[in-house]
Structures are given as C-alpha cells and as structure tokens.
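Only one structure is covered here, and it is reproduced in the block below.
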Amino acid sequence: MAGAVGAEWTALSREIRGCALCPLHRTRTQTVIYRGGEHPWVVFIGEAPGKAEDLAGAPFVGRAGAKLDAGIARLGLGPTEFGIVNVLKCRPPANRFAVEAARTCRPYLERQLALLRPQVVVTLGRWALRSMDPGAPPIMTAAGIPRPVGGWEVYPLLHPAAIRSRATAHRWERDLGTLAQWLNEQRR
Ligand code: URA
C-alpha cells in the first residue's frame, strides 16, 4: 500500500491492523489505514470505509473516492502532496457511522496526524469535522471556512458521497474553489 514511512508509522499500522478494541473488528474484511504520499502537506479525513474500501484495504477507492480524486485533481495536488485517512479504520455494518467506535478509534487518527504532520487538514463531512472539532457548527455552516483547531489548520468540506443534488454539487464546487485559493496562499 502506498503510504507514509518510518518505523513509528509501520508500528502504528501494525497495531491498527491487529485492533480488536470495538465490535467493528468482527465484521471487517480488513482495516483501512491510509492512501497517499509519504510526506503529505494536505491530509483529507473521511468518515469510514465502505464496501469497496473494506475489500481493497485503502480509503476512498469506490464511488465517493472517484469524486474525491476529481476534487483533489482540481486542487492541483500531486500524488505525493496529499494523504487520505478515515476516522474509523473498520467498515461499520450497513455503512452507518458508529459514534461509539469513533471514540475508541480517535487515538489512531491523532497518532496518524502527529506522524504525518500535514500543514492542512481537510475534513470530509460532519463526522470527520466533529471528530476534529466536537464544538463545530453544522457542516452546512462550517464547510468552506478554514478553522484553526488544536494547532491544526482545518478546512471542512462536505462529504463527497453527500453530493446528490444540484445544490450540494454547487456547494462542493464553490468550497473546493475557495480551498484551492487558500491552499495557494498557504504554499507561498
Ligand atoms: N467514505 C468515507 O468516508 N471513507 C471512505 O474511505 C470511503 C467512503
């Protein structure tokens, strides 16, 4: 799997692969840990693996992944410049986000971010945003506005799977445009 390197990352990934701390380990095919460059400056945080990810062992490889990849291409990020993780490392049954499991899983996300040390964290959807910032306003209010959270520059976006209407597609495009501009400023 493409991903970050280093002994600590390898040890963390091994720990996650062996995790049995919550009931989701019983129904997973495999854990889903990371996809992206070794030293990404932008990390996208999704919610949880779906069926395609559970089978492939990599985040965002299904339909939502195609939308996300198109968005990332629009941002002009090269393959080594970004990384993708999820709040949950195991697929929840029926793809329903598991809030209890997210609490158990949270330290893995924290450790991944501490090792990857991205300059920008992009949350996808309300659960990823809440996981970074429990006090954040609803996603439709927060999306598209950068918010510093606990030392991270967090930029909330809608979840790509939530783009089901013309209004959400428009919002996704608008927020991506603002993010592209903001990333260009951060690069300088
Ligand atoms: N949705 C997510 O939040 N994460 C994935 O990996 C796939 C779909």
Side-chain angles (χ1 to χ4, degrees), residues 1-4 9 12-13 16-17 19 22-25 27-37 40 42-75 77 79 81-113 116 118 120-134 136 138-140 142-144 149 152 154-165 168-169 171-172 175-176 179:
M1 180 194 69
W9 181 269
L12 174 58
S13 301
I16 296 172
R17 277 196 295 274
C19 183
C22 87
L24 297 190
H25 80 277
T27 47
R28 74 184 176 217
T29 304
Q30 59 192 314
T31 53
V32 172
I33 299 174
Y34 184 70
R35 166 161 83 89
V42 182
V43 165
F44 294 83
I45 305 180
E47 298 182 344
K51 187 175 179 189
E53 291 77 21
D54 174 72
L55 292 173
F60 282 96
V61 294
R63 246 190 311 170
K67 285 185 192 169
L68 178 60
D69 285 345
I72 291 172
R74 237 196 89 187
L75 296 173
L77 293 172
E81 292 185 299
F82 70 91
I84 308 175
V85 297
N86 278 311
V87 176
L88 296 179
K89 311 306 182 203
C90 299
R91 182 191 183 198
N95 295 340
R96 289 182 57 168
F97 190 82
V99 178
E100 259 319 302
R103 261 191 280 276
T104 311
C105 227
R106 182 72 177 81
Y108 292 140
L109 177 62
E110 267 165 39
R111 288 163 67 190
Q112 285 183 307
L113 290 177
L116 293 169
V120 173
V121 173
V122 179
T123 55
L124 302 166
R126 69 173 166 144
W127 294 114
L129 173 60
R130 273 195 205 168
S131 164
M132 288 303 289
D133 183 359
I139 185 64
M140 294 308 280
V149 182
W152 299 108
V154 174
Y155 189 99
L157 280 180
L158 302 189
H159 193 288
I163 308 167
R164 291 196 208 97
S165 65
T168 48
R171 179 67 184 268
W172 169 258
D175 294 345
L176 266 184
L179 175 56

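Just so you know, these numbers come straight off a predicted model, no measurement behind them. Ligands are counted one by one from 1 in listed order, and the atoms in each one are counted from 1 as well.
A donor-acceptor distance shorter than 3.5 angstrom exists from the side chain of Arg106 to the backbone of Ser131, with no hydrogens or angles considered. In this structure, the side chain of Asp54 engages the main chain of Thr29 through a donor-acceptor pair within 3.5 Å. Judged by distance alone, with hydrogens and angles left aside, the side-chain atoms of Arg35 form no donor-acceptor pair with the main-chain N or O of Val61 at under 3.5 Å.
Nearest protein heavy-atom contact of atom 1 (N) of ligand 1 is His159 NE2, 3.3 Å. If you check which protein heavy atom lies closest to atom 4 (N) of ligand 1, you get Asn86 OD1, 2.8 Å.
Using a 4.0 Å heavy-atom cutoff, Ala48 is listed among the residues neighbouring ligand 1.
Nearest heavy atom pair, residue Tyr34 against residue Pro40, reads OH-CG, 3.2 Å.
In terms of N/O distances under 3.5 Å, ligand 1 is approached by Phe60.
Ring orientation note: the planes of Trp127 and Phe97 are close to parallel, at an angle under 30° on the 30°/60° scale.
Listed by number with element, the atoms of ligand 1 under 4.0 Å from a non-hydrogen atom of Gly46 are 3 (O). Numbered from 1 in the order shown, with element, the atoms of ligand 1 that lie under 4.0 Å from a heavy atom of Glu47 read 2 (C), 3 (O). Against a heavy-atom cut-off of under 4.0 Å, Pro59 is close to the following atoms of ligand 1: 6 (O).
Contact of the Arg111 side chain with the Ile16 side chain is not registered, since no non-hydrogen atoms from C-beta on lie closer than 4.5 Å.
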